[in-house]
2 protein chains.
Amino acid sequence: MPTLKDVAKASGVSVMTVSNVVNGRPRVSEATRQRVLAAVEELGYQVNLTARSLRAGRSGTIALSIPRVDHPYFAELAAAVTDALQASGRHLVVEQTGASREGELSALSQARLQMYDGVLLSVVGLKESEVARLHSDMPLVLLGEKPMPLERDHVMLGNREGARLATAHLIERGARRVAIVGGTPKSGNRGMVGMRTAGWRDAHAEVGLVPDERLILPPDHFAMAESRATARAAVDAGLDFDGVFAVTDQVAIGVIAGLHDRGLRVPDDVQVVGFDDLDVSEHLVPGLTTIDPRVDLVVAESLRLLEGRMSGVESAAEHIVTPVRLVVRGTTR
Amino acid sequence: MPTLKDVAKASGVSVMTVSNVVNGRPRVSEATRQRVLAAVEELGYQVNLTARSLRAGRSGTIALSIPRVDHPYFAELAAAVTDALQASGRHLVVEQTGASREGELSALSQARLQMYDGVLLSVVGLKESEVARLHSDMPLVLLGEKPMPLERDHVMLGNREGARLATAHLIERGARRVAIVGGTPKSGNRGMVGMRTAGWRDAHAEVGLVPDERLILPPDHFAMAESRATARAAVDAGLDFDGVFAVTDQVAIGVIAGLHDRGLRVPDDVQVVGFDDLDVSEHLVPGLTTIDPRVDLVVAESLRLLEGRMSGVESAAEHIVTPVRLVVRGTTR
DNA sequence: TTGAAAGCGCTAACAG
DNA sequence: CTGTTAGCGCTTTCAA
């Protein structure tokens, strides 16, 4: 693998001149430039980014750490970040944390961080207190649906508002008993599940209803198979419900399958609303009514904050809640 | 950010000794070790991986380059690689190429490669000849459904066999006119589309049928929306068909939606088989009959080959075609 | 068991 | 316009 030195030797100039040519800096005579470029071509020289990063202290790369890429919401987030980053000429790598404390800590280890100019971390496994304890001065913006320390920038969806919109829509379309699948009965839960359950309560309160606590159904894990099982079990147990707010689209897909397994039709017997507006949700039959999380806004805000941190100017941390919107399709009447 | 030197100063030893302690090498007295570790703790020292990579020539990281993470097939592939890599203690980063020549070339640039110990590249945009021209000696294994230069390791699905299985299943279940959505009429196409179209022909030939060329439908891009439009257009044009082999599950989902838009029922009026067995396919209503690409096998073979390249022993390149299998669900009778 | 020296490949700063 | 010097943080080599 040829180095600057090799190119310098081959073209009879100093390494510095080669470096200048390679980096397109001015103040190099045309003749020299041509000679150097010829040697670069000839030897197949490519800059060693490791060395450059070490020297420059920057790598031109930012990292996005998400639980898993095979969770469609995060995949769509990652793709959106990639697209948004095209413009700035930066490079993105995606790290997977497995949604675990350990994975997220590892993604944040100074060691790894030093390979990146900045990090967007989607926090799922770490507790707020654990995040607070990190005293990294690396450019870092937190994403995710749970409270975060005030000292760090954080971008979060309008979880509660989205859940309220979804549930209110079900009630407005005539559902009288709206279950929440993936909710929690614990009022102390301040994470995504807690916020979305709160929105479900809000929608009831708005119209003077008191929701039946028995309509709060698991799972805690938002997989399609578990959600499907939950729906079947609810029907089998004789639970009376005619609407479902599923805390994610994946849960909604599982619920719809489970209802179908028990001979119930959507939206005729039970109406369903999800949350995430996955790409696939539009093309289900019937199309899934859901909450569009406006990932574009999440990404725009996150990158704005990260750019700020990377630029090095000191400023107070921001905590942003991005707006969401209801998308009505066929799973509600 | 403290360096080895800082730790050395703080603990009154040389940088070399600190390095030895940090890397857990033997031949360091217990007393010294303790002193150094205390200083490491005190200063919050973490190795600089950039420097270590530069010096050691290895980073402990491998890269998986795929078109996009929001394409579910690739997302599932990426997740499978991550899982498989857990064991070996290596770190994976995912790069997105945008399915373009440029993106793939950029992922392959020596510059980037030098940050990784090895690369798994899913080739979509690059032509075989362009890949052949790369004279990189980096550990590299190619993935993807097109022919690749003999000199490089390559893992490919059983595309033709899968398409044959899918189509044969449709014929066996009574479909008389099986369209292929996402196929190509050009016999010269040696890529994924060509191979899957060939499998569709094979299945017909096996039972003595000659497929109607008009049943070969676009799109070339495998998006749900385009596939949905294709299905609608086919119905509107009065095309006579009672079975569809969709070249991917995403195409199948689009086709099913499009058929539904035109009032046709699946599987009653038209039976459908996909290819990819996405996570969501099992939970569609009805469940999608499809080809399981056995991503686990693809991953296992790829990593085996990559480990071989990374170990440095010279060996002939291997070209592997992994087996696939039919998964029967509700979209066929 | 410990340390000094050298250098991985690159670029900032300055000199010519 | 071009070159020299120095050093990013680490590890390999060899000497003490």
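Within every chain, numbering begins at 1; the chains are lettered A, B, ... in the order of the sequence lines, protein sequences first and strands thereafter.
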Residues at least two apart in sequence or cross-chain that pass side chain to side chain donor-acceptor pair (under 3.5 Å) with Q34(B), listed by chain then number, are E30(B)

First and last nt of DNA chain C near chain A, cut-off under 4.0 Å to heavy atoms, 5' to 3', are dG9(C) to dA13(C)

Interatomic distance, CG@L143(B) vs CZ@F74(B), rounded to 0.5 Å, equals 8.5 Å

Taking atom types as modelled, is there a side-chain donor on H91(A) or E95(B) under 3.5 Å from an acceptor on the other? yes

S14(B) and T17(B): side chain donor to acceptor below 3.5 Å: yes

Salt bridge (charged side-chain N to carboxylate O under 4.0 Å, His left out) filter on D70(A), not counting sequence neighbours, yields R68(A)

Open item on the list: Applying a 4.0 Å non-hydrogen cut-off, can you work out what N20(A) is touching in the nucleic acid: base, sugar-phosphate, or nothing?
Closed with: nothing

Hits for ring pair (Phe, Tyr, Trp, His ring centres under 6.0 Å) against F222(A), two or more places apart or cross-chain, chain-then-number order -> none

*asked:* Looking at R190(B), I'd like to know if its CZ atom is crowded, meaning that more than 12 non-hydrogen atoms belonging to other residues, nucleotides or ligands lie closer than 6.0 Å.
replied: no

Contacts of E42(B) meeting side chain to side chain donor-acceptor pair (under 3.5 Å) (sequence neighbours excluded), chain-then-number -> none

Inset, instruction - Please check if atom CZ in R27(B) has more than 12 non-hydrogen atoms from other residues, nucleotides or ligands closer than 6.0 Å. - result: no

What's touching nucleotides 14-16 of chain D from the protein side, N or O pairs under 3.5 Å?
none

Paired runs of 3 or more consecutive Watson-Crick or G-U pairs involving DNA chain D, with both pairing distances under 3.5 Å, are C:1-16 with D:1-16

With the side chain defined as heavy atoms from C-beta on, R55(A) is closest, among dC8(D), dG9(D), dT4(D), to dC8(D)

In numerical order, the residues of residues 24-40 of chain A whose heavy atoms come under 4.0 Å of DNA chain D are R27(A), V28(A), S29(A), T32(A)

Here the side chain to side chain donor-acceptor pair (under 3.5 Å) pairs for residues 118-129 of chain B, sequence neighbours left out, are none

Sorted by number, residues from residues 6-15 of chain B placing a heavy atom under 4.0 Å from DNA chain C are V13(B), S14(B)

task: Indicate whether the side chain of T32(A) and that of S29(A) have a donor and an acceptor atom separated by less than 3.5 Å.
output: yes

The salt bridge (charged side-chain N to carboxylate O under 4.0 Å, His left out) partners of E102(B) (sequence neighbours excluded) come to none

Taken to the nearest whole Å, CZ/R52(A) to P/dG9(D) is 18 Å

ask   = Within the side chain of K146(A), is there an N or O that forms a donor-acceptor pair under 3.5 Å with the backbone of V124(A)?
value = yes

Output for pair (L77(A) CG, D276(A) CG), nearest 0.5 Å, gives 10.5 Å

Residues passing the ring pair (Phe, Tyr, Trp, His ring centres under 6.0 Å) test with H221(B), sequence neighbours excluded, are none

Here the distance between atom C1' of dT11(D) and atom CG of L4(B), to the nearest Å, is 9 Å

